[in-house]
Every structure is written in C-alpha cells, then in structure tokens.
*Asks:* 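Take this structure first; my questions come after.
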Number of protein chains: 2
Amino acid sequence: MPSPDAIKAWARLMRVSRQLMESAEESLKEDGLPPLAWYDVLHELAEAGEGGLRPFQLIERTLFAQYNVSRLLARLEADGLVEKLAVADDGRGQTVRITARGRETRRRMWAVYGRSIADLVGAKLSADELGMVSALLGRLRHPPAAD
Amino acid sequence: MPSPDAIKAWARLMRVSRQLMESAEESLKEDGLPPLAWYDVLHELAEAGEGGLRPFQLIERTLFAQYNVSRLLARLEADGLVEKLAVADDGRGQTVRITARGRETRRRMWAVYGRSIADLVGAKLSADELGMVSALLGRLRHPPAAD
DNA sequence: TCTACATAGATGCAACTGCATCAATTTGTC
DNA sequence: GACAAATTGATGCAGTTGCATCTATGTAGA
C-alpha cells in the first residue's frame, strides 16, 4: 500500500535513528553519565532559567509520557539535580528548577553528547545536506514545519 | 562542539522518528495487534521462507539485542506464530520458522502498519524527496551506504 | 454554594529491558 | 584426543515503562 520509496525511507529512518541513539547512549554510559532522557530534561530546565518549568510544560517540550516525566523528575530530585517548588497560584502544581549540580551534570553530559552528535552526524554530511535533512524531517512532524 | 546545523538535524531525527514510531505503534494497538517488534521478526522470517533463520541471524538483521530476541521468540512461539527446530549440524542452535498463523498475523499487521507508513511518510513527501531522505540517512549508517 | 467536570501530578501492578552470567556446544591448538 | 577459548542461546535480577487509576486542586454552570 505504501510505495517502495516510502517503505525504504521509513525503514532507514527507524533503523538509523535507533542506531544513532544507542550509540550516543553508549558513549554516555561509558563515561558513567546518566541516560539521554536526563539530558533532555536538564536542557529544557537550563533554558528555562531561574523561573523553572511546570512538569506539564516539560511534557509538551520533550514529548515524554506524563508518568515518565513524573518518575524521571523524582530521580533527578533524588540526585539533587533539580528542585521542586510549590507554585503560589495553583495548589496542584509545582515548579521544577535546575540546581547548580544539575547544571554541572548537564555540562559534563554535553561534552560527551555533543561529541557524539558531531561525530555521528556533523562529520558525515555537509551543512547543506544537514539543512536538507532538517527540512525534510520537519515536514514529517505533526504538525508539519518547513523551517 | 557540533555545528548548529548538526544539532538541529540530530534533534529532528530523534524527535520525528520517535513520534512516527509511537504513532504506528498506537495504530497497531488500536486494532488489537502486537507491537512493531513482532512485525520486524515475522517479516524477516517470512522473507527467509521455509528454511527459517537462526536466532543470531535475526539479531544481525533486526539489530535487536540478543536477550531481547531470545525472549521475543519465546513469546512468538507461545502464540504459535513461529516454531523452533533443532538444527542438525550445530547442537547449540535452533532454526526458527514462521508458521501459517504467523504469516496470517504478519498480513494483518501489514494492513495497518503499511497504512501508517503511507500516511505518515508516503503522503508527506514526493518520490524524489523520499529518495533524498533515504540517501541522506543511508550516509549516517554504520557502515555508511549511499543507495 | 453546590455539583459536575477538567487538570496536575503520583503510583500499584504487570510487562518489558538491560545487565550479567550461565550451560551447552563447537572450534582451534598443541 | 585434551583443553582453552569462542559461540549460541537462555535466564535471574534489578530498573524502567505502560496502563489504569487515584488523589488533590481548580473551573464552570445551575
């Protein structure tokens, strides 16, 4: 039902993304660093700054499942990488803020993760080709984006 | 350390592939069908024909971890979708062959999975663009391939 | 205000994954 | 042939994920 072209593109997408992700994950593990999911959260929180983020905002940004974020934050808090603050105008919620220790961990993770990205993607394609990949994949998003 | 272009392409690759995979997985679940991993194995076994495949060959083809394949095959066997045969010239090993029931399940999965691929990828990009995606992603593989 | 409903986040339980290791067999070397 | 090393596949255990559900708080309508 899908064209052979579509099947091939799909297969490549699934295989290559899994392979690259596992490779990056492995590099982090070799250096005794936490998994990629932790980086995603620390990254979002670092960008958010002192104001922090509500868990549901993290869910929107990372696309992780709600229960996953809930437990991931519990682990990050247990490791002292983030702190949870009650939020004034909503008794249900909380604000999550990255700690100094969290920023330090993120920095050390980026040293390894960034190198993986550079090696696995940056070194394999030209700037033009990288732009083309971004643009094409952007059109597969939901909702699609062309930038 | 990686260029902004590389970071963006990486981020798109990770997000889009996860999003599409989850979408396809969800469609299967909605129809009461097994997860994608089952399809991958049934697909390889169907292509292999009557001769079947050794588990380690499945590992090479699917890139799943050894323990994962071992347990996945146990579940497939429990469901009667594959059968395990002792192999004559290697007392350690076994040959795994797809059953008629397995072929039927694969067929029903493809009806849903194929539609996902057509909708999520085939309908979003032209044939040329699909070819470009395949070619670019192929260069990210290890080892790289240009086809 | 009282009630129904929506939203934020946590959690018990079952299934699955990753890791390390195991047993069984084969292969290579002397 | 005997023994070390490699290969094939399975499995115990701990950690994680997915699902469903729960509690607590907020919002809207009569």
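Note on naming: letters A, B, ... go to the chains in the order of the sequence lines (proteins, then strands), and numbering restarts at 1 for each one. Everything numeric in this text was worked out from a predicted model, so none of it was measured.
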*Asks:* Do the side-chain N or O atoms of B/R54 get closer than 4.0 angstrom to the phosphate oxygens (OP1, OP2) of D/dT7?
*Replies:* no
*Asks:* Could you tell me whether the phosphate oxygens of D/dG18, OP1 or OP2, come under 4.0 Å of any side-chain nitrogen or oxygen in A/Q66?
*Replies:* no
*Asks:* C/dC19, OP1 or OP2 - any side-chain N/O from A/K29 closer than 4.0 Å?
*Replies:* yes
*Asks:* Under 4.0 Å between a side-chain nitrogen and a carboxylate oxygen: does that hold for A/K124 and A/E129?
*Replies:* no
*Asks:* Can you tell me how far P of D/dT17 sits from CH2 of A/W38, to the nearest Å?
*Replies:* 11 Å
*Asks:* Which comes earlier along DNA chain D counting from the 5' end, the contact point of A/D89 or that of B/G93, where each point is its nearest nucleotide?
*Replies:* B/G93
*Asks:* Do B/R92 side-chain and C/dT26 base share a donor-acceptor contact under 3.5 Å?
*Replies:* no
*Asks:* Using the side-chain heavy atoms of A/R71, tell me which of these nucleotides is nearest: D/dT7, C/dA10, C/dG12.
*Replies:* C/dG12
*Asks:* Roughly how far, to the nearest 0.5 Å, is the CD atom of B/Q66 from the CZ atom of B/F56?
*Replies:* 12.0 Å
*Asks:* Which whole-number value in Å describes the distance from A/L73 CG to D/dT17 P?
*Replies:* 12 Å
*Asks:* Among C/dG18, D/dA10, C/dG9, find the nucleotide with the atom closest to the side chain of B/Y67.
*Replies:* C/dG18
*Asks:* Round to the nearest Å and state the distance from A/E60 atom CD to C/dT7 atom C1'.
*Replies:* 12 Å
*Asks:* Nearest-Å distance, CD (B/E26) to P (D/dC19)?
*Replies:* 9 Å
*Asks:* Before accepting this row, confirm whether a basic side-chain N of the pair B/R107/B/E104 lies closer than 4.0 Å to the acidic partner's carboxylate O.
*Replies:* yes
*Asks:* D/dT17 C1' sits how many Å from A/I59 CD1, rounded?
*Replies:* 15 Å
*Asks:* Can you tell me the distance, in whole Å, between the CG atom of A/L72 and the C1' atom of C/dT11?
*Replies:* 16 Å
*Asks:* In whole angstrom, what separates B/R75's CZ from C/dC16's C1'?
*Replies:* 6 Å
*Asks:* Between the main-chain N or O of A/L85 and the side-chain N or O of A/R97, is there a donor-acceptor pair closer than 3.5 Å?
*Replies:* no
*Asks:* Considering non-hydrogen atoms only, spot the tightest contact between B/L53 and B/L58 and give its length.
*Replies:* CD1-CD2, 4.0 Å
*Asks:* Whole-Å distance between D/dC19 P and A/N68 CG?
*Replies:* 11 Å
*Asks:* Ignoring backbone atoms, establish whether A/K84 has a side-chain N or O less than 4.0 Å from OP1 or OP2 of C/dA8.
*Replies:* no
